[in-house]
A.B. asks: 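Got a structure here, written out as structure tokens. Questions coming.
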2 protein chains.
Amino acid sequence: MTLDPTDKKLLLLLQTDSKRTTKELSIKLNLSVTAVYERIKKLEREGIIDKYVVLLDKEKVGKGFIVFCHLKLIQHTKDFLTIFESQVTQLPEVLECYHVSGDYDYILKIVVKDMKAYREFLVTKLTTLHHIGSTQSTFMINEVKNTTIVTI
Amino acid sequence: MTLDPTDKKLLLLLQTDSKRTTKELSIKLNLSVTAVYERIKKLEREGIIDKYVVLLDKEKVGKGFIVFCHLKLIQHTKDFLTIFESQVTQLPEVLECYHVSGDYDYILKIVVKDMKAYREFLVTKLTTLHHIGSTQSTFMINEVKNTTIVTI
DNA sequence: TCTGAAACATGCCAGGA
DNA sequence: TCCTGGCATGTTTCAGA
């Protein structure tokens, strides 16, 4: 499927604020309300628009401490990877987990309240998972940029 | 501000799907439509709910290649940091940028189409920024988990 | 694929418990 | 903080260009 410039503009607007009404969007895009409506429906049907969500202020809900954890497994058989991946997916503190190339196997993005909570997480949850070789934690000092907007 | 169990449940529901109507939410939470409406407005007013957005399928919009880039600056004076940070914020390929503790200064999450596009980005954009010491790229092999849901 | 209008659902605001 | 009720505003469908 090809996205024309109007689709791209529409997706940018929805990525910045999905609460805009179709009427508001129609004005910005010089289209009718129905035309905008149908474009959105098409993008949803095609799966280009994955979902509509609310983003919270992490600080205000007491999850402002972000840690990146680089992790190695002790073995790399398919079974080990599968088990580890299904376990790590269950952990709510882990927002993101990627299998990566390079010196370590996985990179995890973890959100908790503070250092104390992270220590607790590390000791009681992460390092109790099977097959974990080593971990290396990198702490966030400052969030410079954090967006979900993909520019097409 | 304190969040009661109903608020937490409401936030979880909105974080998974913000398109739910207040009517639908009222049924799930055993409240009236207005009560749900007022709780949501309160959460928006307080800034707990930061924003409503659409999330796209990165693969389908040709931005499925994710790279983590660890970066060092050549100097660490405040001016250098500020300039670098304002420049990196402008780059649409950089979804996230954190100032971190440890062996390097920044960790960047970058999305592009493929390896070729990444090379192009690295050569023409990232390494042309001032004061950059070294970069180290880690490529994603597989996305195990990627959520925006913060469990409170 | 677009427009415009009509039917339907939802959001939103009173007023009161 | 909650509820009931009603008006305003939104979404969605459909015929026609």
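Here is the naming used below: chain letters follow the sequence lines, and residue numbers restart at 1 for every chain.
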A.B. asks: State plainly whether one hydrophobic cluster holds both A/I110 and B/Y98, where clusters connect Ile, Leu, Val, Met, Phe, Trp and Tyr through side-chain heavy atoms under 4.5 angstrom apart.
C.D. replies: no

A.B. asks: Verify salt bridge (Lys or Arg N to Asp or Glu O under 4.0 Å) between A/E46 and B/K60, making sure each step is shown before the conclusion.
C.D. replies: CA-CA 9 Å; A/E46 304 272 352; B/K60 289 193 179 156; over 6 Å; no

A.B. asks: Of all nucleotides in DNA chain C that come within under 4.0 Å of a heavy atom of chain A, which is furthest toward the 5' end and which toward the 3' end?
C.D. replies: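 Nucleotide range with atoms under 4.0 Å of chain A: C/dC2 to C/dA5.
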
A.B. asks: Short question: side chain of B/Q15, backbone of B/V150 - any donor-acceptor pair under 3.5 Å?
C.D. replies: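 Yes; at least one donor-acceptor contact below 3.5 Å.
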
A.B. asks: Salt bridge (Lys or Arg N to Asp or Glu O under 4.0 Å), that's the test. Do B/D17 and A/K51 meet it? Break it down for me.
C.D. replies: CA-CA 7 Å; B/D17 180 8; A/K51 49 183 179 174; over 6 Å; no

A.B. asks: Name the one of A/K125, A/K113, A/K63 that satisfies salt bridge (charged side-chain N to carboxylate O under 4.0 Å, His left out) with A/E93?
C.D. replies: A/K125

A.B. asks: Is it true that B/K109 and A/E96 have a side-chain N and a carboxylate O under 4.0 angstrom from each other?
C.D. replies: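 A salt bridge is present here (some side-chain N lies under 4.0 Å from a carboxylate O).
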
A.B. asks: Does anything in residues 39-66 of chain A form a ring pair (Phe, Tyr, Trp, His ring centres under 6.0 Å)? List the pairs, not counting sequence neighbours.
C.D. replies: A/F65-A/F139

A.B. asks: Checking B/E44 against B/K41 for the salt bridge (Lys or Arg N to Asp or Glu O under 4.0 Å) test, could you report, in this order, the C-alpha distance in whole Å, the side-chain angles of both residues, the deciding distance, and whether it holds?
C.D. replies: CA-CA 5 Å; B/E44 290 172 358; B/K41 285 297 146 195; 3.1 Å; yes

A.B. asks: Angle class for the A/H131/A/F80 ring planes (parallel below 30°, perpendicular above 60°, tilted otherwise)?
C.D. replies: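 The arrangement is parallel - the two ring planes meet at less than 30°.
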
A.B. asks: So which of residues 32-42 of chain A are in contact with DNA chain C, with a heavy-atom cut-off of under 4.0 Å?
C.D. replies: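 Heavy-atom cutoff 4.0 Å gives A/S32, A/T34, A/A35, A/E38, A/R39.
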
A.B. asks: With A/Y106, which of A/H70, A/K72, A/E85 fulfils side-chain hydrogen bond (donor to acceptor under 3.5 Å, both in side chains)?
C.D. replies: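 Among A/H70, A/K72, A/E85, the one meeting side-chain hydrogen bond (donor to acceptor under 3.5 Å, both in side chains) with A/Y106 is A/E85.
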
A.B. asks: Are more than 12 heavy atoms from other residues, nucleotides or ligands located less than 6.0 Å from atom NZ of A/K23?
C.D. replies: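 For A/K23, atom NZ is not crowded (no more than 12 foreign heavy atoms under 6.0 Å).
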
A.B. asks: Check whether B/K145 reaches the backbone of A/L91 with its side chain - one donor and one acceptor, N or O, closer than 3.5 Å.
C.D. replies: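 It does hold such a pair.
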
A.B. asks: Checking B/S137 side chain against B/C69 main chain: does a donor-acceptor pair fall under 3.5 Å?
C.D. replies: no

A.B. asks: Between which nucleotides of DNA chain D, 5' to 3', does chain A make heavy-atom contacts below 4.0 Å?
C.D. replies: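 First-to-last contact on DNA chain D, by the 4.0 Å heavy-atom rule, is D/dG10 to D/dC14.
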
A.B. asks: With no hydrogens and no angle check, is any side-chain donor or acceptor of B/S18 less than 3.5 Å from a backbone partner on B/L14?
C.D. replies: no

A.B. asks: For the backbone of A/V144 and the side chain of A/N142, can you confirm whether one donor and one acceptor N or O come within less than 3.5 Å of each other?
C.D. replies: no

A.B. asks: Tell me, which of residues 6-21 of chain A have any heavy atom that sits under 4.0 Å from an atom in DNA chain D?
C.D. replies: A/T21

A.B. asks: Could you give me the stems involving DNA chain D, meaning stretches of three or more consecutive Watson-Crick or G-U wobble pairs whose two defining distances are both below 3.5 Å?
C.D. replies: C:1-17 with D:1-17

